[in-house]
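Just below is one structure, and these are the notes that go with it.
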Amino acid sequence: MSDKDFKVKNKLQVKGITSAGPVVSDASGNLDSTAYVATQYGGTGTSTSPTSGQILYSTSGTTYAPTTLTSLDVKGATYSDNAPSSPVVGQIWVESDSSADSFDPNIIRRQAFTSTAAQTVYTTSATFIEGYEQVYFNGLLLLRGTDYTTSNSNTVTLSEAAAVNDIVEVITVTNLNSVDTYTQAEINSALNLKLSTSTAASTYATIASVNNLEITNIMGGY
């Protein structure tokens, strides 16, 4: 009845499968049960489940074993003033003026303070770019230079002291800067340099206008 369809009213029992577990088939179409599904078929290659604080991890990809996350050499992002000497797969490097072990993905921060009596100074937990912050007093936006001043890239000082339980919120921009970049003037200067050639004709790159780059005498005048 290989060419016939049939229906199973309740449970289908296959002779030879006597244990519980996933059902697999071989190349000949024979069904059998197994303790686990191999990784090449989308399984984990193991019948052991992780417990609290564990994940399934494999170095080879053939068998996943429950492993505590803290035992793995998980590479996060780091600030560094020099390129890593031996970077590994998964490592993220952010060039910076100084080195640090963690990367802050929060470009914009909000920090709230509950004031004490006559408080005027509020220090944020992270540095910010002075002049780009916003300071709110009980929900009202304050005016920089009139209602408050900033210092040390992390301190806000009110012009008038707050009362007990007044709420001061500071919204700041994290000070992340690009380094080792070229300005347009530097690029234009480089493009205008005369390039030496072995022929009598020379090759030039000139800036025709701000919006148009004209290259002349390419291939020795051809």
Side-chain angles (χ1 to χ4, degrees), residues 42 44 46 48-59 64-187 210:
T44 62
T46 179
T48 305
S49 300
T51 58
S52 177
Q54 294 181 328
I55 61 171
L56 290 173
Y57 174 78
S58 173
T59 56
Y64 289 82
T67 308
T68 57
L69 186 59
T70 55
S71 66
L72 300 177
D73 187 15
V74 180
K75 300 297 181 183
T78 59
Y79 293 112
S80 178
D81 52 3
N82 293 300
S85 57
S86 301
V88 298
V89 175
Q91 184 175 357
I92 301 174
W93 166 55
V94 181
E95 186 171 2
S96 175
D97 291 335
S98 59
S99 298
D101 294 330
S102 61
F103 173 69
D104 181 9
N106 302 306
I107 303 302
I108 298 178
R109 288 173 169 266
R110 178 192 294 269
Q111 187 169 358
F113 302 87
T114 301
S115 303
T116 58
Q119 183 175 354
T120 58
V121 178
Y122 302 83
T123 303
T124 60
S125 58
T127 58
F128 56 85
I129 304 175
E130 295 187 48
Y132 289 87
E133 78 289 332
Q134 289 183 327
V135 180
Y136 291 83
F137 185 85
N138 292 330
L140 297 176
L141 179 63
L142 300 184
L143 180 62
R144 175 182 172 84
T146 300
D147 299 321
Y148 73 93
T149 58
T150 61
S151 60
N152 302 322
S153 298
N154 69 344
T155 302
V156 172
T157 303
L158 300 181
S159 300
E160 296 185 10
V164 176
N165 294 328
D166 279 338
I167 303 299
V168 173
E169 286 187 297
V170 183
I171 299 177
T172 61
V173 178
T174 303
N175 191 6
L176 297 179
N177 297 316
S178 298
V179 296
D180 293 337
T181 59
Y182 291 100
T183 65
Q184 182 177 350
E186 290 172 331
I187 295 175
V210 175

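Between Thr150 and Glu133 there is a side-chain heavy-atom pair separated by less than 4.5 Å. The shortest distance between side-chain heavy atoms of Asp147 and Val135 does not fall below 4.5 Å. Side-chain contact between Ile171 and Tyr136 is present, with at least one heavy-atom pair separated by less than 4.5 Å. Contact of the Thr155 side chain with the Tyr122 side chain is not registered, since no non-hydrogen atoms from C-beta on lie closer than 4.5 Å. Contact check for Ser159 versus Thr146: no side-chain heavy atoms found under the 4.5 Å cut-off. A heavy-atom distance below 4.5 Å is not found between the side chains of Gln54 and Ser49.
Among all heavy-atom pairs drawn from Pro66 and Thr48, the shortest one is CG-CG2, 3.8 Å. For the residue pair Ser115 and Ala163, the shortest heavy atom distance occurs at CB-O, 3.5 Å. Across all non-hydrogen atoms, the minimal contact from Asn154 to Ala126 is CB-O, 4.2 Å.
Under a 3.5 Å cut-off, the side chain of Gln119 and the backbone N or O of Val121 do form a donor-acceptor pair. Between the Thr67 side chain and the Ala65 main chain, a donor and an acceptor come within less than 3.5 Å of each other. For Thr114 (side chain) and Ile167 (main-chain N/O), no donor-acceptor pair under 3.5 Å exists by modelled atom type.
The line from CD1 of Ile129 to OG1 of Thr172 is 9.0 Å long, rounded to the nearest 0.5 Å. Annotation: the span from Asn152 atom CG to Glu130 atom CD amounts to 7.5 Å, rounded to 0.5 Å. Note that the CZ atom of Arg144 and the OH atom of Tyr132 stand 10.5 Å from one another [nearest 0.5 Å].
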Take Phe113 and Val170, measure what side-chain contact (heavy atoms from CB on, under 4.5 Å) needs, and give me the verdict at the end. CA-CA 8 Å; Phe113 302 87; Val170 183; 3.9 Å; yes

I would like to know whether Glu169 and Arg110 meet side-chain contact (heavy atoms from CB on, under 4.5 Å); could you show each step before the answer? CA-CA 7 Å; Glu169 286 187 297; Arg110 178 192 294 269; 3.5 Å; yes

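None of Val168, Thr157, Val156 except one satisfies the side chain to side chain contact (heavy atoms under 4.5 Å, CB included) rule with Tyr148; the exception is Val156.
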